[in-house]
Amino acid sequence: MAKKKDIAASDTSAANDKIIGLELHKEDSTNETMTTNQGVRINDDQNSLTAGARGPTLLEDFILREKITHFDHERIPERIVHARGSAAHGVFQVYKSMAKYTRASFLTDPGKTTPVFVRFSTVAGSRGSTDLARDVRGFAVKFYTDEGNFDLVGNNMPVFFIQDAIKFPDLIHAVKPEPDNEMPQAASAHDTFWDFISLMPESTHMVMWVMSDRAIPRSYRMMEGFGVHTFRLVNDKGEAHFVKFHWKPLLGVHSVAWDEAQNISGKDPDFHRRDLWEAIESGNYPEWELGVQIVPEADEHKFEFDLLDPTKIIPEEVVPVQRIGKLTLNRNPDNFFAETEQVAFHVGNVVPGIDFTNDPLLQGRLFSYTDTQLIRLGGPNFHEIPINRPVAPVHNNQRDGYMRQTINKGKSSYNPNSLGGGCPFQARAAEGGFASYAERIDAHKIRQRSASFMDHFSQARLFYNSQSEPEKNHIVDALRFELGKVETQSIRERMLVVLAHVDHGLANEVAYGLGLSIPKTLSNHLNQSIPADADPQSYQPVVKESSLSKSEALSMASTIKDSIRTRKIAILAADGVNESSLTTIQEALEAEGAVVEVIAPKLGKILADTGNEIIVKKTFLTGASVFYDAVYVPSGTNSVATLSAEADAVHFLNEAFKHCKAIAADTDAIQLLEQTYFAKKLPEDRSEATALREGIVLQDSSKKLATIFIKAIALHRFWEREKPRKVPG
Ligand code: HDD
């Protein structure tokens, strides 16, 4: 039976489909006869038309030709970046009117729900690559507002590698697989990427983010999102404010361990896609709050950085994030290609009340997105594909082109006209017409980077200094990994120089892992990305400090850690398991919204000590600890003995420990834990405080065990378990 929440959601989804017109385009073959594309009924879809049973196939076979031709043309070019992604439908609702700042109707009417389609993605990998690559994640939201489509095409990191769009092809060429041998797939750990980065000091802040655990999220549902650029909000009086957009996940921001990410990439490359799909199917709708940082126009020059520089954040301590509305994803697409693959986002899709700034990266993007859709979706009518159609009616004089769907009536397709009665009319701003913000510009036409863009290190340092000790260690490890895969020594050394500008300790630790020392000549390569005729001095990075020493919002250590909703917990069991030891914990975890799966040596069922059957969800072959957030071992003499002799069960626990996950066991199951490599680290003291420090819960009483275990899982990871660093100073 469908749960109450499911029914409510499917009602909303059906209503949204109706609003955005998707239902008009849906095809359902249930109880229908198979036909050709011309509607001719097919009586044999198994055999080609041949001259005799063993003779040649006839050209005349229009059924065969139509089917094969269509098949031959099934693929379209994958996205040049963000090729790998998955998406979902949902709704957005603002909490209270933001009319003081913007006239956008979806941000001024709290009674209004706006349908949305959201696509998450990695950047570098091809369409079939793994979800768990170390990479930036795309977070693109299409709002089907009643005033037209607004696309917030953001990432899960608030800054970007480059300051000017003219460098984007270079960045992407550098990060994509190398052109001679097309290696490596979906990875930045190779020479061309780090060659480019080491010569582009403006990328340093973003590099800190990409080397942090933010680049290996636990789930799309547990990522922040950022519009990155400074945009403008414009109210009905034409007054503007600068704005940065944020998405804050209600489940908190969480990541996996790098070793785990690599492991998942082999065992389930669809891990994030599956996680999103399953959460929505089970009624656990992912939710984010929309946050805004609003800055009056008059304050444009009051910051230590330039608001137009996309390599900078506005620290939340400087301008707080106001949470103004909620995004809920409540329905999976019906068809991956029709929806997720064909959706076409564009930063230039704005509605009245939202406008651009002169951020040079944003300005270049305004050109790029339409251009890419023209080649990817095959012509200028991609806005007519159902997933891209706005809810607001479309009337203009654009006509024809490949795959035109609209049948425009009448003779006039020009403006002004008298034959069509002057229609369609232009709209005044007061009637909802888009009027660009009248920003004053009086300048020379030049190619030049503003001097205010030359501080490349202060926020990279702020980010690094804001991380917890384990997070800092992970950044060091990531850099050792990435630069360790680089083959050219001079690139590694140049990167050490860049890192030394962020933090000498960081550079030193990375250097130690690479078996190098930081080159003495600092900064001699830091201004190589300059125009031919420029004065090198004007491109020399400015080395300065942020006035903030730390920003708590930049560390995942300070994220929400009070819920185990949708977390996946494995229970390891075999025949003879103590039923109450298993079910008491399972029920307690499920009552908190966790998803529990029993893993046993073989599929089907196991017999509990009571003689009752227990369903087995996965075996040690099909399940692995990297798919779960925590693991529990119930008691039962035979079960524990079987698992203790099962190398895969011991490996499961070893991995869970290595990846710093919460581990719980009934005291009578301790024999199994004693087979692990962490047997010597099992806490003697069974207090709650110790359990929550070590992440290992050993208790007799199942209820007490459940209570402590739930708190431990909510803490997400026990990174302190990782071995301490010993790097010479
Ligand atoms: Fe981009 C796709 C986000 C800079 C050019 N970009 C794309 C997607 C996201 C972003 C989320 C995938 C949308 C989807 O799911 O279909 N891009 C960003 C962010 C950037 C950024 C947050 C910097 C702040 N992008 C950027 C620049 C350019 C592009 C500077 C070019 C000048 N981006 C593209 C593109 C893509 C794209 C080539 C590929 C597929 C597509 O647009 O639809 O046009």
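The figures that follow rest on heavy atoms only: side chains count, while hydrogens, waters and symmetry mates do not. Read the numbers this way: they start at 1 and go in the same order the structure lists the ligands and their atoms.
Using modelled atom types, one finds no donor on one side chain facing an acceptor on the other under 3.5 Å when comparing E297 with H241. Judged by distance alone, the side chains of T357 and D359 never bring a donor and an acceptor atom under 3.5 Å apart. When only modelled atom types and interatomic distance are considered, E482 and S188 share a side-chain donor-acceptor pair under 3.5 Å.
Aromatic rings from F245 and F231 are positioned such that their centres are separated by under 6.0 Å. Two rings, from F226 and W247, have their centers 6.0 Å or more apart.
Atoms of ligand 1 lying under 4.0 Å from any heavy atom of H229, numbered from 1 in the order shown and given with element: 24 (C). Within ligand 1, counting atoms from 1 as listed, the ones closer than 4.0 Å to a heavy atom of V228 are 22 (C), 24 (C). Close approach of ligand 1 to R119 is summarised as follows: ligand atoms under 4.0 Å from at least one heavy atom of the residue are 14 (C), 15 (O), 16 (O). Using a 4.0 Å cut-off to heavy atoms of R79, the atoms of ligand 1 that qualify are 14 (C), 16 (O), 40 (C). Numbered from 1 in the order shown, with element, the atoms of ligand 1 that lie under 4.0 Å from a heavy atom of G154 read 11 (C), 22 (C). For ligand 1, the atoms closer than 4.0 angstrom to any heavy atom of L361 are 23 (C), 24 (C), 30 (C).
Among all non-hydrogen protein atoms, the one lying nearest atom 22 (C) of ligand 1 is N155 ND2, 3.1 Å. The nearest protein atom to atom 41 (C) of ligand 1, hydrogens excluded, is given as T372 CG2, 3.4 Å; this is a heavy-atom distance. Scanning all protein heavy atoms for the shortest distance to atom 13 (C) of ligand 1 gives F345 CD1, 3.8 Å. Closest to atom 38 (C) of ligand 1, if we only count protein heavy atoms, is I80 CG2, 3.2 Å.
Electrostatic pairing of R449 and E202 counts as a salt bridge here, judged by a charged N lying under 4.0 Å from a carboxylate O. Checked for salt-bridge contact, E78 and R84 miss the test: no charged N lies under 4.0 Å from a carboxylate O. The pair R232-E439 meets the salt-bridge criterion, with a side-chain N (NZ, NE, NH1 or NH2) lying under 4.0 Å from an Asp/Glu carboxylate O.
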Original post:
Stepwise, does the side-chain contact (heavy atoms from CB on, under 4.5 Å) test hold for H272 with M223?
Top reply: CA-CA 11 Å; H272 285 153; M223 295 189 321; over 6 Å; no

Subject >> R404 vs E384, side-chain contact (heavy atoms from CB on, under 4.5 Å): CA-CA, chis, key distance, verdict >> reply: CA-CA 8 Å; R404 184 69 175 177; E384 295 187 327; 3.4 Å; yes

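Figure legend: cation-pi geometry between K142 and F345, with NZ or CZ positioned under 6.0 Å from the six-membered ring centre and within 45° of its axis.
Protein-derived N/O/S atoms nearer than 2.8 Å to atom 1 (Fe) of ligand 1 total 1, waters excluded.
Judged by the shortest distance from any of its heavy atoms, G85 lies outside the 4.0 Å radius around the atoms of ligand 1. By the 4.0 Å heavy-atom criterion, Q373 is counted among the residues contacting ligand 1.
Remark: the backbone N or O of V153 is paired with a side-chain donor or acceptor of R365 at under 3.5 angstrom.
For H346, no heavy-atom contact with ligand 1 is shorter than 4.0 Å.
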